[in-house]
Amino acid sequence: MTTIQNMKTEIELILEAKIIEAVKSLYEVEVPKQAIQIQNTRKEFTGDFTVVVFPLLRWSKKSPELTAEMIGDFLLENEIEVDGFNVVKGFLNLELRNGFWPTQFQEIYDNPEFGRSVINNEDPCLVEYSSPNTNKPLHLGHIRNNLLGYSVSKILEANGHKVVKTNIVNDRGIHICKSMLAWKKWGNNETPETTCIKGDHLVGKYYVRFEQEYRAQVGSLINGGMEKPEAEKNAPLLQEAHDMLRDWEKGDTEVIKLWKMMNDWVYAGFDITYKNLGVDFDVIYYESETYKLGKKLVEKGLGKGVLFKKEDGSIWADLKDEGLDEKLLLRSDGTAVYMTQDLGTAVQRYNDYHFSDHVYVVGNEQNYHFQVLKLILKKMAYPWSDHLFHLSYGMVELPEGKMKSREGKVVDADDLIEEMIDTARVMSEELGKLDGYTEVEKNSIYRKVGLGALKYFILKVDPKKSMTFDPRESVDFNGNTGPFIQYTYARINSLLKKADERSIEWKNVSPGDVVMSDKEKDLVKLIRHYKFVIKESSKSLNPALVANYCYDLVKEYNQFYHDYSILREENQDFKVFRLQLSAMTGRVIKSGMELLGIEVPEKM
RNA sequence: GGCUCCAUAGUUCAAUGGAUAGAAUAGCGGUUUCCUAAACCGUAGAUCCAGGUUCGAUUCCUGGUGGAGCUACCA
């Protein structure tokens, strides 16, 4: 991803230039920028910024310590911001003048858009996520997908990208025919209304039913002496499902009618889940519409000689030159496969939006699929194929192993959301802090906290890594959790409210000369770091960076809050500064959590 | 078999090639006449193995071991 952000006024750049100057003056060489390593000084050491001098030794031809001393001396004399330094091994720790951090803080505090960039590219970035099948309800794996997609969209926006959130609904194919067939055979005309079952769950029930009946058929065929692969292929139920798919592609009225009805049940169900999860989309594509374009593209590719046809009439892409295998694009009976649809969807989207980049949030089990998708589009000479990114995330596993949706061994999304909110309610009632609030207020807070716990638990993990979801741990609201962060926000909010109640003037006054303690300076540094975090998380499409940052910030603030008086501080300047520091921390928490799709409660 | 990814405290997660590998949780021990104790402090505990590159490797390279995924005319 490309990120444009104006960082020219940064102290790092000033120091970098000065160090280049120092080296030039001391050793008479012009060193490249890459050789200048500046990092934040680690807390154990004294100083604000640290220059790593090892890369400079080849020019200085002196020991690390001496090189550091010489550069330190030069900076002390020639750079007004540098007030002192110390050298530890090859590390030159620079100490900045007293006024530096207060000034930095005021700049940050006065900038209401701190951390965010203005839109700098009119062509949007498309983010596809969710991508459900319409044959079963959403589960834990989808939750990770949805949270990642939504959060990545927010993060890209914060970095100045226009974003179009999109969804592709896999509403056609053999999977939905399985549910349809099972409902037709054993459904007794059940509907969400007659059963009071959420539509997606009802359809899912028949998908499971199909699998059960199918397994039974395969079993009896094997008992009859058939080999397993043969039996799996020839089971009458599967044949019937395939017949149904062919009828569907032909436009058979009966089949289409059934298909529409059942899909509508599912959509109504999904809408509820999406709403509860707090995610949404700007545009939704349906494979039942894009697969036709996909088929046309395949025909076109065949005509151009980019693709080839086998004797049985199936159409393939030959990717052996690219180190991959042959890939089927159209079955011998002329029906489309997954790849056909995705080709069509991609082209359709480019025609619709002229996107600058397109992010696909899809599980890592489809790495091969996206590799192939890009290659085929490239072969077909679409220049934008280089701008497709597969945000490949790892599986969510349960402590007892993998989820298996065919066996019904899944954590259902709706159940999980409800459980989290319930747990939040129980915890909160035990603590009794919301006594006196209305039911509506309380429920709103339970929701925020329960979902905050769930979302943070999932988003704090690096997307590309597979993760273990332990229900017991996910409902923990202490430690490195969403509620811990929310709690800190609520505390800050309460503090500021008290300040206002006591008519303390703090919002728009300058605190004058403040000598910051180390703790306060650490907090300011960490707040300042937020914009780097946003930038980096956008570059790497990684919300976990934001999540872990929020935690670090809150941890730091809690220590400050514990050790320092704020409202009781007698020095007016210090009091104002600490209130502003608290308010700023709150703003960053809220902003960061927003990027994760997590709401923060005003009290809890 | 081939390709890809992963391996860090008991457990769940961190660590742009940099200083003494951080947290959380579970364990043990503390803090509340005071701005929300869903908090804070202390204690103990880890880089799969063997080489290599480097001033410096959890990070990069090679080999091994262990695990996951893909390799479907399913999506």
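Predicted model only: the values in this text are computed from it and were never measured. Residue numbering restarts at 1 for every chain, and letters A, B, ... go by the order of the sequence lines.
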Complement of B:U58, any strand, by Watson-Crick or G-U distances under 3.5 angstrom | none
Using a cut-off of 4.0 Å on non-hydrogen atoms, how would the nucleic acid contact of A:Ser582 be classed: base, sugar-phosphate, or nothing?
-> nothing
Quick one: label A:Val52 by what it contacts on the DNA or RNA (base, sugar-phosphate, nothing), any heavy atom closer than 4.0 Å.
-> base
Calculate, to the nearest 0.5 Å, the distance between atoms CD1 and CZ belonging to A:Ile421 and A:Arg447 respectively.
-> 4.5 Å
Between A:Tyr207 and A:His175, ring centroids under 6.0 Å = no
Answer with base, sugar-phosphate or nothing: what part of the nucleic acid does A:Thr468 contact at a heavy-atom distance below 4.0 Å?
-> sugar-phosphate
Nearest-Å distance for atom pair CZ/C1', residues A:Phe560 and B:C41 = 18 Å
Under 3.5 Å donor-acceptor pair, A:Ser466 side-chain atoms to B:C6 base atoms | no
Has A:Phe45 got its ring stacked on B:A19, by the test of a centre gap below 5.5 Å and a plane angle below 30°?
-> yes
Counting only side-chain N and O atoms of A:Arg331, is one of them less than 4.0 Å from OP1 or OP2 of B:A75?
-> yes
Give a yes/no on whether any side-chain N or O of A:Arg491 is located under 4.0 angstrom from OP1 or OP2 of B:A37.
-> yes
Could you check whether A:Phe484 gets within reach of a base, just the sugar-phosphate, or nothing at all, counting any heavy atom under 4.0 Å?
-> sugar-phosphate
Touch class at under 4.0 angstrom, heavy-atom based, for A:Asn493 against every strand present = nothing
Which part of the nucleic acid, if any, lies within reach of A:Tyr338 when heavy atoms closer than 4.0 Å are counted: base, sugar-phosphate only, or nothing?
-> base
Return the nearest nucleotide to the side chain of A:Val88; candidates are B:A75, B:A19, B:C35.
-> B:A19
Does any donor-acceptor pair link the side chain of A:Thr488 with the base of B:A39 at a separation under 3.5 Å?
-> no
Among the nucleotides B:U25, B:U16, B:A23, which one has an atom lying closest to any side-chain atom of A:Gln37?
-> B:U16
Using a 4.0 Å heavy-atom cut-off across all strands, classify A:Phe469 as base, sugar-phosphate, or nothing.
-> nothing
A:Tyr530 ring center near A:Tyr549 ring center (under 6.0 Å) | yes
Record whether the side chain of A:Glu536 comes under 3.5 Å of the base of B:U16 through a donor-acceptor pair of N or O atoms.
-> no
Which part of the nucleic acid, if any, lies within reach of A:Pro399 when heavy atoms closer than 4.0 Å are counted: base, sugar-phosphate only, or nothing?
-> nothing
Give the rounded distance in Å between these two atoms: NE2 of A:His369 and P of B:A75.
-> 11 Å
Would you please determine if the base of B:A19 is stacked by A:Phe91, with stacking meaning a centroid separation under 5.5 angstrom and planes under 30 degrees?
-> yes
For the side chain of A:Val461, counting heavy atoms from C-beta on, which of B:G18, B:A24, B:C13 is nearest?
-> B:C13
Looking only at B:A39, B:G69, B:A14, the nucleotide nearest the A:Asn558 side chain is B:A39
Distance, C1' atom - from B:G66 to B:G30, rounded to whole angstrom | 42 Å
B:A75, B:C40, B:C35: which one has an atom nearest the side-chain heavy atoms of A:Asn170?
-> B:A75
Report the nucleotide, chosen from B:A37, B:U12, B:A75, that has the shortest atom-to-atom distance to any side-chain atom of A:Tyr561.
-> B:A37
Row check, A:Trp316 ring normal vs A:Lys327 NZ/CZ: under 6.0 Å, within 45° | no
Using a cut-off of 4.0 Å on non-hydrogen atoms, how would the nucleic acid contact of A:Ala490 be classed: base, sugar-phosphate, or nothing?
-> base
Within the structure shown, what part of the strands sits under 4.0 Å from A:Asp563 by heavy-atom distance: base, sugar-phosphate, or nothing?
-> nothing
Scan A:Met604 against the nucleic acid and name what it touches under 4.0 Å (heavy atoms): base, sugar-phosphate only, or nothing.
-> base
Please work out if A:Lys603 contacts a base, only the sugar-phosphate, or nothing of the nucleic acid, heavy-atom cut-off 4.0 Å.
-> base
A:Asn478 side chain N/O closer than 4.0 Å to the phosphate oxygens (OP1, OP2) of B:A39?
-> yes
Near A:Gln239 CD, under 6.0 Å, is it more than 12 heavy atoms from other residues, nucleotides or ligands?
-> yes
Can the ring centres of A:Phe574 and A:Tyr564 be said to be less than 6.0 Å apart?
-> no
Think A:Arg42 has a side-chain N or O under 4.0 angstrom from the OP1 or OP2 of B:A19?
-> yes
Would you indicate what A:Ser392 reaches in the nucleic acid, counting non-hydrogen atoms under 4.0 angstrom: base, sugar-phosphate, or nothing?
-> nothing
Flag for A:Tyr557-A:Ser582: side-chain donor and acceptor within less than 3.5 Å | yes
Measure from the side-chain heavy atoms of A:Asn93 and tell me the nearest of B:A39, B:A19, B:A7.
-> B:A19
Just checking A:Leu567: base, sugar-phosphate only, or nothing, at a heavy-atom cut-off of under 4.0 Å?
-> base
Is A:Tyr368 stacked on the base of B:U4, meaning ring centres closer than 5.5 Å and planes within 30 degrees of each other?
-> no
Cation over ring, A:Arg172 on A:Tyr286, under 6.0 Å and within 45°?
-> no
Ring-on-base stacking B:G18 with A:Phe54 (under 5.5 Å, under 30°) | yes
May I ask you to verify if any side-chain N or O of A:Lys89 is less than 4.0 angstrom from the OP1 or OP2 atom of B:C55?
-> no
